[in-house]
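Shown next, in structure tokens, is the structure this report addresses.
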Amino acid sequence: MRKKLVVGNWKMHGSRAANAQLLAGLKEAGPWNADVAVCVPFPYIAETALALTGTVIAYGAQDCSSHEQGAYTGEVSSVMLQDIGCRYVIVGHSERRAYHAESDQLVADKAKAALAHGVTPIVCVGETRAEREAGQTEAVVKRQLAAVIHTLGHCTGEMVVAYEPVWAIGTGLTATPAEAQAVHAVLRAQLHAATDRSGAMRILYGGSVKADNAAELFSQPDIDGGLIGGASLKVADFAAICRAAAH
Ligand code: 13P
């Protein structure tokens, strides 16, 4: 039985004051019988770490460089993320693939850099609406995941995968539990062919997960938790999603 994992992706939201309130609220609301983490903007990681001291809520970042160090202005390395205690880093989010032209191989290299420094990559895959309508969902997510599997090799079993259909992100449209499960099963099979640890790996669903649809999504056999955007910014909503994962 895989323990569920719920990760809040704050994206480019927050302020010192708002974060303090949110984190204090989460501390009060937890703990839950699920693993919980928040992935916050870089400038707030240190304060988040302090605020979460003594709790079981983990924290992480939303991106990292594929390089260890050097003349890469504006980038943040996984060495730095490890230094500051990050457990997780999201890589390959569709917003980075779309707005920063991140390729499958760059995403894979970022995942590899993270693992090399003890930070667990949460590797996002997902199809656009046009790709789904063209019947390409399976081919797209398999291509995205294959690049990572190929690059990670025997470390494949150490990542977390997140299936986030692009058309469901921030739109209020969610894949139905059956639609999401179908893709998760494809991803599980692909992982199974690559590593004998696939049965223990967590595949998260993301895309308009809310308090009222989380339980049904999380009840699917291959959905092991969620990557939560908008609803992770409100204590009551995020806490309810964490509760839904705890069954
Ligand atoms: P929403 O939950 O706001 O749809 O965002 C999902 C997401 O992109 C999480 O990474």
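When a ligand or atom number is given, it counts from 1 through the structure's own listing order.
Residues V141 and L145 form no side-chain contact, since every pair of their non-hydrogen atoms from C-beta on lies 4.5 Å or further apart. The shortest distance between side-chain heavy atoms of H93 and E102 does not fall below 4.5 Å.
Using a 4.5 Å cut-off between side-chain heavy atoms of Ile, Leu, Val, Met, Phe, Trp and Tyr, V7 falls into a hydrophobic cluster with L5, Y88, I90, I122, V160, L204, L227.
Applying the ring pair (Phe, Tyr, Trp, His ring centres under 6.0 Å) definition to pairs two or more places apart or across chains, those involving residues 162-216 are Y163-H184.
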Solution key, residues 17-26 side-chain donor-acceptor pairs under 3.5 Å, sequence neighbours excluded:
residue, atom, partner, partner atom, Å
N19, OD1, S15, N, 3.3
N19, ND2, S15, O, 3.0

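Looking at R132, K142, R97 one by one, the single match for salt bridge (Lys or Arg N to Asp or Glu O under 4.0 Å) with E127 turns out to be R132.
Under 4.0 Å from any atom of ligand 1, one finds heavy atoms of residues N9, K11, H93, E164, A168, I169, G170, G207, S208, L227, G229, G230.
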